[in-house]
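The next block holds one structure in the form of structure tokens; read it before the comments.
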2 protein chains.
Amino acid sequence: MSSIKYALLSLLAREPLSGYDMKQQMNGRVSFFYKINNNQLYPTLAKLEAEGLVRLESHERESYRPARKVYSITDKGVEFLKDWVLEADEPRALDDFMLKQYNSWLVEPEAMIGVLRAKRTEHEERLRIYRAKIAGFREQQAVFPGRDPLFSSIAVIEMGIRNEESYIEWCDRVIEALGRDEI
Amino acid sequence: MSSIKYALLSLLAREPLSGYDMKQQMNGRVSFFYKINNNQLYPTLAKLEAEGLVRLESHERESYRPARKVYSITDKGVEFLKDWVLEADEPRALDDFMLKQYNSWLVEPEAMIGVLRAKRTEHEERLRIYRAKIAGFREQQAVFPGRDPLFSSIAVIEMGIRNEESYIEWCDRVIEALGRDEI
DNA sequence: GCTTGCATGTAAGCCGTTACATGATTTT
DNA sequence: AAAATCATGTAACGGCTTACATGCAAGC
């Protein structure tokens, strides 16, 4: 039900990793700006192992530290993930920023313009990060067939870019309307 | 913490409503396509009342039915909502569809094209709904100053329109790339 | 006669968040 | 001397979902 198990499988479908690695890679891959916490991560990994979707590959103790447990995805895990990819997905949860906008009429226009300018800056920053990321990917290889993980990574980031661009355009439009006092 | 309380306050900031009304209005207003359930709705309303952010306005029993409890927002509730609007918001949860796309390389391109075409159709449908909604709003009034609820409603729907448009463009682009086997 | 609509609510269980715990090494 | 890094995990709490419960009226 929860999408965290799929997020973990998504990372392992590309390369074997430890729980700690997955935590690091979560941002910058599956979703930038999303932070997983330990109490989701470790019990979920244990469950995935119990279900045979994931296998403990190595368990190397390095002197003082807790043993680093590297997991890899099983064939069953890959099938499970593929089936999920083809499923229809459920409606998304409420978007807090949009909910706030729905109430913007309660607030002084000047204050609202301040909020929107801050948002605009934030989304410009994200856009810059996405563009840098995609440029890096494109250097790695000239042609990406449909079954290459890079193909998927690029597609996801392109969606991010489009979203940020339309967000920024929208901010500009609303800021301008608030300045004119009409839309 | 949870955004449901703000969603309920958002509706009550515009007009007094019963819990049942809020459930109906949730879709088509704050967020299309999101469904609130009873066990969030009624206890949350009770809490809002206990906190003095909301007031029971009438409690009309109509023969056989449970009494219809109409709530209105208090001044304290409006202040609370305004303060929240000006707060910075937290990073969003994982987007299931994007997570699926991140794994598209595991799936046969033909199957993926099928999924994307279905998504495209779904988002075209949403776009049609948003455009109809905004056309309806624009008929109601010629000019909308910044402090009018209609201003906010229109801004939210315009964001929806932009999002759907870029989603559709992105689907087209990826479908085309999958057909060519490159991006 | 069955389903849908109106209108409120509760119970059980899973999911997610914040905070805590351990403990040596490296960086500031 | 303090904080961050590596690396695993647990405890407590609150949020959210699914399902259930009531009960009459109107439409198919």
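Here is the naming used below: chain letters follow the sequence lines, and residue numbers restart at 1 for every chain. Bear in mind that the values here come from a model prediction, so they are computed numbers and not experimental data.
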Query raised in the report: Glu165(B): what forms a salt bridge (charged side-chain N to carboxylate O under 4.0 Å, His left out) with it, not counting sequence neighbours?
Result: Arg131(B)
**Report entry** Gap between atoms CD1 and C1', on Ile36(A) and dT17(C) respectively (whole Å)
**Finding:** 12 Å
Query raised in the report: What integer distance in Å separates Lys5(A):NZ from dC15(C):P?
Result: 8 Å
Query - For Glu51(B), all residues meeting salt bridge (charged side-chain N to carboxylate O under 4.0 Å, His left out), sequence neighbours excluded - result: Lys5(B)
**Report entry** Rounded distance in Å - CG (Leu41(B)) to C1' (dA7(C))
**Finding:** 10 Å
**Report entry** Contacting residues from residues 14-25 of chain B, given that a heavy atom lies under 4.0 angstrom of DNA chain D
**Finding:** none
**Report entry** Separation of atom CG in Leu48(B) from atom P in dG15(D), rounded to whole Å
**Finding:** 12 Å
Report task. Look at the side chain of Asn38(B) against the base of dT8(C) and say whether a donor-acceptor pair falls under 3.5 Å; ignore hydrogens and angles. Result -> yes
Query raised in the report: Got more than 12 heavy atoms from elsewhere within 6.0 Å of CG, Asp83(A)?
Result: yes
Query - Asp96(B) CG - dC15(C) C1' separation (whole Å) - result: 14 Å
Requested in this report: Look at the side-chain N and O atoms of Lys69(B) and state whether any lies under 4.0 Å from the OP1 or OP2 oxygen of dG9(C).
Outcome: yes
Query raised in the report: Is any side-chain N or O of Asn37(B) closer than 4.0 Å to OP1 or OP2 of dT17(D)?
Result: yes
Query - Listed once per pair and sorted, the salt bridge (charged side-chain N to carboxylate O under 4.0 Å, His left out) pairs that draw on residues 109-125 of chain B, sequence neighbours left out - result: Asp89(A)-Lys119(B), Lys119(B)-Glu122(B), Arg120(B)-Glu124(B), Arg120(B)-Asp172(B), Glu122(B)-Arg126(B), Glu125(B)-Arg128(B)
Report task. To the nearest Å, give me how far apart CD (Glu49(A)) and C1' (dT8(D)) are. Result -> 14 Å
**Report entry** Parallel, tilted or perpendicular, as decided by the 30° and 60° cut-offs, for the rings of Tyr167(B) and Phe97(B)
**Finding:** tilted
Query raised in the report: Phosphate oxygens OP1/OP2 of dC15(C): is one of them under 4.0 Å from a side-chain N or O of Gln40(A)?
Result: no
Query raised in the report: Is the phosphate of dC16(D), meaning OP1 or OP2, less than 4.0 Å from a side-chain N or O of Ser2(B)?
Result: yes
Report summary line: Taken to the nearest whole Å, CD/Glu90(A) to C1'/dC16(D) is 13 Å
Report task. Look at the side chain of Tyr42(B) and decide which nucleotide, out of dC16(D), dG9(C), dT17(C), has an atom nearest to it. Result -> dG9(C)
Query - With Thr121(A) via side chain to side chain contact (heavy atoms under 4.5 Å, CB included) - residues at least two apart - result: none
Query - Tyr34(B), nearest nucleotide to its side chain (from dA7(C), dT17(D), dG15(D)) - result: dT17(D)
Report summary line: Side-chain contact check for Ile4(A): nearest option of dT17(D), dG16(C), dG15(D) is dG16(C)
Query raised in the report: Can you name the side chain to side chain contact (heavy atoms under 4.5 Å, CB included) partners of Ser31(A), sequence neighbours left out?
Result: Tyr34(A), Leu94(B)
Report task. For His59(A) and dG9(D), give me the distance from atom NE2 to atom C1', rounded to whole Å. Result -> 12 Å
